[in-house]
2 protein chains.
Amino acid sequence: MVQTDTVLNDVDKAILRLMQDDARITNVAISKKLKMAPSAVLERVRKLEERGIIRGYTANLDPAALNKELLAFIFIKSADGFGCDTSAKAFAAIPEVQEVHNIAGDDCYLVKVRVANTQALMELRRKRFSKIANILSMRTTIVMETVKETQTISIT
Amino acid sequence: MVQTDTVLNDVDKAILRLMQDDARITNVAISKKLKMAPSAVLERVRKLEERGIIRGYTANLDPAALNKELLAFIFIKSADGFGCDTSAKAFAAIPEVQEVHNIAGDDCYLVKVRVANTQALMELRRKRFSKIANILSMRTTIVMETVKETQTISIT
DNA sequence: GGTGAAAGCTCTTCACA
DNA sequence: TGTGAAGAGCTTTCACC
């Protein structure tokens, strides 16, 4: 259940900032920073989770250590109609696919993939993408260096 | 200190999978799943952190709840020379910028930004990007719908 | 919504294997 | 590297405000 039409107050925002920065921060640490009781913080965190504002918690891993050093963006034109996500869902189901966006303009989809190397990228294209129906064309852009990569939202 | 030239064994990989999936999982829960003592798990997690394989832990927040509903990719051509990250670092310093990649091909940089709306995007372009030196051209692509958005690495 | 006390777990250290 | 025991510290509940 996601309620996004709800206003967050400053305490909620402070909690979100702290947890976005370090998801393993303890309740007690938050409560000390915010000068509240740990039980009050726990209550707010639970509500933020229930409301879908906190979607989950994840560890940020080094791609190189996991042999996933190649990042690429693939622009895909598809014959999917408006509001039809058939091929998008097929892309999303591939573990190496980190993002799938429906974009404005000529290309229909922008897909971000992370794999071991160029060979793995070619195999992914041949074995997975080429089998997805409705694809009209694909254009791949390889990332040479990543300067910043975060999902952090600036909380204002 | 980042040592990426080190081999991870199956226990390390299992820990990384669990923590990537839920960064707030307790040591005890990991130790039960892996049938180890909590102290042994703690030791491994610490080493994964020290080695830079675990870079940190973050909460995954709903952009809509934080009034950051517009996602855009900006392709930027810059006059930066090879190995010169001057403008890339300037992009990375902007809080609304989530990613900065140096890409192969015509465009030099691919920048991912998350803002409130089109007006905020225009302001960001006018007030922040336009003041960064070396920029030759900018092309903005707006995301209409995000089908998948994760940083999860498939651990094999 | 928030507080504070209490019980139950979890974390963390350390001696030992 | 891993285990198990022990103390410290954290989480969670609950009565009360």
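So that the names make sense, note that chain A is the first sequence line, chain B the second, and so on, each numbered from 1.
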What nucleic acid atoms does [X] come within less than 4.0 Å of, heavy atoms only: base, sugar-phosphate, or nothing?
{"X": "A:R46", "value": "sugar-phosphate"}
{"X": "B:K47", "value": "sugar-phosphate"}
{"X": "A:V28", "value": "base"}

- Query: Hey, is CG on A:D10 packed in by over 12 heavy atoms from elsewhere, all under 6.0 Å?
  - Reply: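 It does not: A:D10 CG has 12 such atoms or fewer within range.
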- Query: Does CE belonging to B:M122 count more than 12 external heavy atoms closer than 6.0 Å?
  - Reply: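 Not more than 12 within 6.0 Å, no.
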Separation of [X] atom [atom1] from [N] atom [atom2], in whole Å?
{"X": "B:E43", "N": "D:dG4", "atom1": "CD", "atom2": "P", "value": "16 Å"}
{"X": "A:L42", "N": "D:dC14", "atom1": "CG", "atom2": "C1'", "value": "13 Å"}
{"X": "B:I25", "N": "C:dC11", "atom1": "CD1", "atom2": "C1'", "value": "15 Å"}
{"X": "B:K32", "N": "C:dC9", "atom1": "NZ", "atom2": "C1'", "value": "9 Å"}
{"X": "A:I15", "N": "C:dG2", "atom1": "CD1", "atom2": "P", "value": "8 Å"}
{"X": "A:I30", "N": "C:dT3", "atom1": "CD1", "atom2": "P", "value": "14 Å"}
{"X": "A:M36", "N": "D:dT11", "atom1": "CE", "atom2": "P", "value": "14 Å"}
{"X": "A:N27", "N": "C:dG2", "atom1": "CG", "atom2": "P", "value": "13 Å"}

- Message: When the axes are fitted on five pairs at both termini, how much does the helix from C:dG1-D:dC17 to C:dA17-D:dT1 curve, in 10° steps?
- Response: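 Both end axes considered, the difference amounts to 30°.
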- Item | B:K47 with B:E43: basic N within carboxylate O range, under 4.0 Å |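 Yes.
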- Message: Under a 4.0 Å threshold between the charged nitrogen and the carboxylate oxygen, would B:E149 count as salt-bridged to B:K112?
- Response: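 Yes, B:K112 and B:E149 are salt-bridged.
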- Query: Is there a donor-acceptor pair closer than 3.5 Å between any side-chain N or O of B:N134 and the backbone N or O of B:A79?
  - Reply: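 No; judged by distance alone, with no hydrogens or angles, the pair does not exist.
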- Sidechain-backbone polar pair: A:K148 side chain, B:Q98 backbone, donor-acceptor under 3.5 Å: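 No, the answer is negative, given that no donor and acceptor are paired below the 3.5 Å cut-off.
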- Candidate nucleotides C:dT12, D:dT3, C:dG2, ranked by approach to the side chain of A:A40 - the nearest: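 That would be C:dG2.
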- Task: When you get a sec, tell me which of D:dT1, D:dT12, C:dT3 is the closest nucleotide to the side chain of B:R44?
- Result: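 Between D:dT1, D:dT12, C:dT3, the one nearest the side chain of B:R44 would be D:dT1.
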- Which residue, B:N9 or B:R24, contacts DNA chain D at a nucleotide closer to its 5' end, judged by nearest heavy atom?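 The residue whose closest nucleotide sits nearer the 5' end is B:N9.
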- Query: B:Y109 and B:F75: aromatic ring centres closer than 6.0 Å?
  - Reply: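 So the answer is no for these two rings.
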- Task: Look at the side chain of B:S39 against the base of D:dG2 and say whether a donor-acceptor pair falls under 3.5 Å; ignore hydrogens and angles.
- Result: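 Under the 3.5 Å cut-off, the side chain and the base do not form any donor-acceptor pair.
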- Query: Is there a donor and acceptor pair closer than 3.5 Å between the side chain of A:T26 and the base of D:dG9?
  - Reply: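 Such a pair does not exist between side chain and base.
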- Item | Residue whose nearest DNA chain C nucleotide is more 5′ - A:P38 or B:A29 |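 Whichever sits nearer the 5' end wins; that is A:P38.
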